[in-house]
Protein chains: 2
Amino acid sequence: MKLSKKAEYALRAMILLAGSYRTGLLRIQDIAKREKIPQKFLENILVEIKTAGLIRSKRGAAGGYEFCMPPQKVTLAQVVRVIDGPLAPLSCVSRYAHISCPDEKKCKLKRVMLEVRNAVARVLEQVTFADICSENVQPMRGET
Amino acid sequence: MKLSKKAEYALRAMILLAGSYRTGLLRIQDIAKREKIPQKFLENILVEIKTAGLIRSKRGAAGGYEFCMPPQKVTLAQVVRVIDGPLAPLSCVSRYAHISCPDEKKCKLKRVMLEVRNAVARVLEQVTFADICSENVQPMRGET
DNA sequence: ACAATTCTCTACTAAATTGGTAGAGTATAA
DNA sequence: TTATACTCTACCAATTTAGTAGAGAATTGT
């Protein structure tokens, strides 16, 4: 059930980018240094997110990356899906990767795993990068 | 966020074993055949689950595997943890693999990922193999 | 025009993980 | 004592993960 390092890097980079939405572009090297992410690796990651249409870039001196749209329009789920693929623990319960179970009816696991997928999606699809950046911390539901 | 094939096999095998609790032992080959799991692979899996203390075995003719305790005492989470490790998407939010974040306070991701972990745990720690085996299907909370 | 800067694109790679397989060994029942 | 069924050690190929290398292209400032 773990996120890849790549996805974690992606999320951290996006949090920084969200923080400087409108204040200007952020350079790969600055993000890399601040979050201690290998720079060349981060380049690959940002290109993937850019290809997905969540951020855009400008080259040359005074270049860098920025959000395409306000951070409250982008959820953590979008980034996780771009980097790590579907949220579903079994591909047969993914809303995007539509692969049907061989034994559609008998599959009792499917029901539970769909609940898991939905539980994860409820969190990640609801939280935006604006939420994450806002300083006033909201009370957390759930256990401890 | 995906389960490994191994964990899926483990869950399916455990569902069968739960179904024949008290009716007798189940042989590896029978489980393998019914669930279309490579037999030698399943052997490894069952030994892991046995080592974790969830099932026990008997050797020789008329041997096989069975639950150590009633299926309503065993949750899906227990099996998933044995095979795939912690449920947490980041190891710093696992309740079991206690690894602290480098930047404990600044880590805004942690809060959200803890919510994800809790959401997953709430489902998997609540559902037992007895639940999964019971024929009367319960209505599902959440989306669709 | 040109140099410095910064993103871009193709390619490569080492290490870990995943998803198995092989085969000899040991316990049990009939 | 033989057939059956789990056990244990070891191995392995393919894929994924987590990067690295380096030349190229766009942009800015001089």
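Keep in mind that the numbers below use all heavy atoms, side chains included, and drop hydrogens, waters and symmetry copies.
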Mind calculating the distance between [atom1] ([X]) and [atom2] ([N]) to the nearest angstrom?
{"X": "B/Glu48", "N": "D/dC8", "atom1": "CD", "atom2": "C1'", "value": "13 Å"}
{"X": "A/Gln39", "N": "C/dT8", "atom1": "CD", "atom2": "P", "value": "13 Å"}
{"X": "B/Leu46", "N": "D/dA5", "atom1": "CG", "atom2": "C1'", "value": "12 Å"}
{"X": "A/Lys58", "N": "D/dA26", "atom1": "NZ", "atom2": "P", "value": "15 Å"}
{"X": "B/Glu43", "N": "C/dG19", "atom1": "CD", "atom2": "C1'", "value": "15 Å"}
{"X": "B/Ile83", "N": "C/dG20", "atom1": "CD1", "atom2": "P", "value": "14 Å"}
{"X": "B/Lys6", "N": "C/dG20", "atom1": "NZ", "atom2": "C1'", "value": "10 Å"}
{"X": "A/Phe41", "N": "C/dA14", "atom1": "CZ", "atom2": "C1'", "value": "14 Å"}

Notebook entry, point to check: Salt bridge between A/Glu115 and A/Arg111, side-chain N to carboxylate O under 4.0 Å?
Noted result: no

Checklist line | Ion pair B/Lys33/B/Asp30, N-O distance below 4.0 Å | finding: no

Can you name the closest pair of heavy atoms from [X] and [Y] and give their distance?
{"X": "A/Lys108", "Y": "B/Ile132", "result": "CD-O, 3.3 Å"}
{"X": "B/Lys110", "Y": "B/Cys92", "result": "CE-O, 3.8 Å"}
{"X": "A/Phe129", "Y": "A/Thr75", "result": "CE1-O, 3.6 Å"}

Could you check which of [options] has an atom nearest any side-chain atom of [X]?
{"X": "B/Arg27", "options": "D/dT4, C/dA29, D/dG19", "result": "D/dT4"}
{"X": "A/Pro38", "options": "D/dG24, D/dT7, D/dT20", "result": "D/dT20"}
{"X": "B/Ser57", "options": "D/dT7, C/dG20, D/dA18", "result": "D/dT7"}

Margin query: I'd like to know if A/Lys40 reaches the base of D/dG22 with its side chain, counting only an N/O donor and acceptor under 3.5 Å.
Written below: yes

Notebook entry, point to check: Does B/Asn44 get its side chain close enough to the base of C/dT21, under 3.5 Å, for a donor-acceptor pair?
Noted result: yes

Under 3.5 Å, side-chain donor or acceptor atoms of residues 53-61 of chain B against the rest of the protein: list the pairs with distances, not counting sequence neighbours.
residue, atom, partner, partner atom, Å
B/Arg56, NE, B/Glu66, OE2, 3.0
B/Ser57, OG, B/Lys50, NZ, 3.1

Notebook entry, point to check: So which one's nearest nucleotide on DNA chain C is more toward 5', A/Ala61 or B/Tyr9?
Noted result: A/Ala61

Next item on the list: Report whether A/Val127 and A/Leu124 are members of the same hydrophobic cluster (ILVMFWY, side-chain heavy atoms less than 4.5 Å apart, transitive linking).
Entry: yes

Next item on the list: May I ask you to say what B/Lys50 touches in the nucleic acid, namely base, sugar-phosphate or nothing, with a heavy-atom cut-off under 4.0 Å?
Entry: sugar-phosphate

Notebook entry, point to check: Going by number, which of residues 16-25 of chain A have a non-hydrogen atom under 4.0 Å from DNA chain D?
Noted result: none

